[in-house]
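The figures here come from the full heavy-atom set of this structure, side chains too, leaving out hydrogens, waters and symmetry mates. Note on naming: letters A, B, ... go to the chains in the order of the sequence lines (proteins, then strands), and numbering restarts at 1 for each one.
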Amino acid sequence: MIQDKLFEWYAIFGRHELPWRNTKDAYHIYLSEIMLQQTQVKTVLERFYFPFLETFPTLKSVADAPLDDVLKRWEGLGYYTRAKNLHYTALTCKGILPQNIVELEALKGIGKSTAHAIGVFAYGQVLPILDANVKRVLCRFFGLSTKDEKVLWERAWEFLNQKHPYEHNQALMDLGSLICTSRNPLCGECPLHVKCIGKIDPHNYPLPQKKNAIPVRQKIALVMYKDNKLGLIQRKERLLHGLWGFVQTLGRPNGYKKLGRVEQVYTHFKLELEVLLCEPIKEVDGWFSVEEIDKLAISTVDKKILKLLIASKPYP
DNA sequence: TATCCGTGGCA
DNA sequence: TTGCCAAGGAT
C-alpha cells in the first residue's frame, strides 16, 4: 500500500516536535487548530501558542475571562472572529469540548475540517482532514486540476489509512509542508512519487487561480488628543470587530498637524492612511494615555499609528 | 456561490 | 519589491 510508504516517511521526517502533537489535552489541540487556520505554523509556534496557553491554560479559563482579554492575547494574529468564536464556544460548552464531530461542527468557528482534525488528533477517531496542505497533495496525487470540495473529501476518505489515522493525517500535512510544496515541490524525495499523477506537472494540480489586484482605499486617521489622552473607538464593523483603534475618516478636519502616513495590506484591499493630530472633533468610546492603550487590543495598523505618534512626540 | 476576514513568511 | 498564500469559516 502506498499509504505505508507515507507512514514510513512520516516516522523519519515528520515534524514530531510540534507541541500540539505532544499533548492529549483536547483544548490545546483545538486551540492550535483555530490559531493555525490560514496562518503559518511558524507564526503560531513562535509568537502566539505558548503565550496564549500561559494566560488561558484551560478552556474554562477562556470562558471565565472577558472577551477583551482574549482579544488582547490574539492581538497581531489576525482574523479576530476566531478569538470571538473561541470565547463564545468556551462559554457554550462550559469549558468541556464535545467529542462527537457533529456537535463539534455545530460550534462557532469549527467547520468540517477543524471538527475532523479535533476528532482524529484529540480523540483518535478514524477521519480524514482537508486543509490546504492535504488538498494540494491529493490534487497532485490523483491528478485533480480543481479543488472541488466534494471530490476532495471523497478522495480523502478513499486515501485514509484506517489503521493509523492520526499519523496519516499529520503525515499528509507534513508532506504538503515539506515536500509537496506549492512552489518548487521536491518530487524526487516524495514517498508517494511512484503513484502520483501530478508529478509530471505539479504546478497544474491544482491549476493556479488568477486573482484580481486589490483596490487601494485612502483615508484619514485622526489622532485626537485631550488632556494628554488619546481618543479611541472600539470597532463595531466586521473588519477588526471588537478591537480598539483611531478614528478613520474621509475628510480632513479644520485644524491639524501632520504626523505621517501608514499603510496596511488586508485580504481585499490596501489601506493608505494619512495620520493627522487634532483636537476632539468626533465621538469616541474612550480616552487613554499611551500606557493605558498598551492594555487594549489594537490592530497592526493602529500599532503603526501609535509608533508614529510616539516617534514624533508632538502633543503637549 | 462569492466575498469577506489579518498578518506575515517567503521566493 | 511584489505577489502568492498559509492546519478555514461565516455570511
Side-chain angles (χ1 to χ4, degrees), chain A residues 14-15 18-21 28-49 71 74-86 88-89 104-122 127-138 146-150 152-153 156 166 169-178 180-185 203 206-217 235 237-243 245 262-271 297-304:
Chain A
R15 295 175 292 180
L18 293 174
W20 42 86
R21 288 184 186 175
H28 290 206
I29 294 168
Y30 160 54
L31 177 68
S32 75
E33 292 298 332
I34 301 301
M35 283 191 164
L36 287 162
Q37 288 173 357
Q38 295 290 288
T39 309
Q40 293 187 348
V41 168
K42 181 182 172 68
T43 301
V44 172
L45 189 59
E46 295 181 358
R47 295 175 51 198
F48 293 96
Y49 182 72
L71 280 172
W74 211 267
E75 184 183 88
L77 186 53
Y79 286 154
Y80 298 95
T81 298
R82 295 183 293 174
K84 191 165 66 178
N85 286 336
L86 171 64
Y88 184 85
T89 288
L104 283 168
E105 199 174 342
L107 296 166
K108 286 192 178 181
I110 300 180
K112 188 171 180 179
S113 186
T114 301
H116 281 213
I118 295 168
V120 62
F121 296 144
L127 300 163
I129 63 163
L130 203 54
D131 76 315
N133 288 310
V134 178
K135 283 179 183 176
R136 186 173 53 255
V137 173
L138 293 178
T146 57
K147 289 186 282 186
D148 185 295
E149 289 276 331
K150 187 171 177 292
L152 281 168
W153 275 113
Y166 182 102
N169 284 301
Q170 300 286 18
L172 277 179
M173 287 194 288
D174 286 1
L175 194 67
S177 174
L178 302 172
C180 194
T181 49
S182 183
R183 289 171 289 209
N184 307 113
H203 291 293
L207 285 167
Q209 44 202 19
K210 52 190 169 192
K211 291 176 180 173
N212 299 327
I214 58 173
V216 176
R217 296 183 193 172
R235 303 200 184 285
E237 64 273 28
R238 257 227 288 174
L239 183 72
L240 306 174
H241 183 99
L243 275 70
V262 299
E263 293 182 356
Q264 182 66 26
V265 179
Y266 297 104
T267 307
H268 289 278
F269 66 96
K270 177 180 179 183
L271 182 63
I298 71 173
S299 77
T300 297
V301 73
D302 289 299
K303 272 198 187 303
K304 290 176 183 173

Is there a donor-acceptor pair closer than 3.5 Å between any side-chain N or O of A:Asn169 and the backbone N or O of A:Val134?
no
Are the side chain of A:His116 and the backbone of A:Pro128 linked by a donor-acceptor contact shorter than 3.5 Å?
yes
Under 3.5 Å, is there a donor-acceptor pair between the A:Arg235 and A:Ser299 side chains?
no
Going by atom types only, do A:Arg82 and A:Gln37 share a side-chain donor-acceptor pair under 3.5 Å?
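Note: A:Arg82 and A:Gln37 side chains miss the donor-acceptor criterion.
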Should the pair A:Lys304-A:Glu263 be classified as a salt bridge under the 4.0 Å nitrogen-to-oxygen rule?
no
Toward the 5' end of DNA chain C, by each residue's nearest nucleotide, A:Arg136 or A:Ala115
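Whichever sits nearer the 5' end wins; that is A:Arg136.
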One character per nucleotide, please: for nucleotides 4-11 of chain B, 5' to 3', B when the base has a protein heavy atom closer than 4.0 Å, S when only the sugar-phosphate does, - otherwise.
BBBBSBB-
Identify the 5'-most and 3'-most nucleotides of DNA chain C with at least one atom closer than 4.0 Å to a non-hydrogen atom of chain A.
C:dG3 to C:dA10
In this structure, are over 12 heavy atoms from other groups packed under 6.0 Å from A:Tyr166 atom OH?
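Above 12, so yes.
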A:Lys147, NZ: over 12 other non-hydrogen atoms inside 6.0 angstrom
no
Counting any heavy atom closer than 4.0 Å, what does A:Ala132 reach on the DNA or RNA strands: base, sugar-phosphate only, or nothing?
sugar-phosphate
Pick one: which of A:Phe121, A:Tyr30, A:Tyr49 meets ring pair (Phe, Tyr, Trp, His ring centres under 6.0 Å) with A:Trp20?
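When A:Phe121, A:Tyr30, A:Tyr49 are each tested with A:Trp20, the ring pair (Phe, Tyr, Trp, His ring centres under 6.0 Å) holds only for A:Tyr49.
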Between C:dA7 and B:dC4, how far is it from one P atom to the other, in whole Å?
24 Å
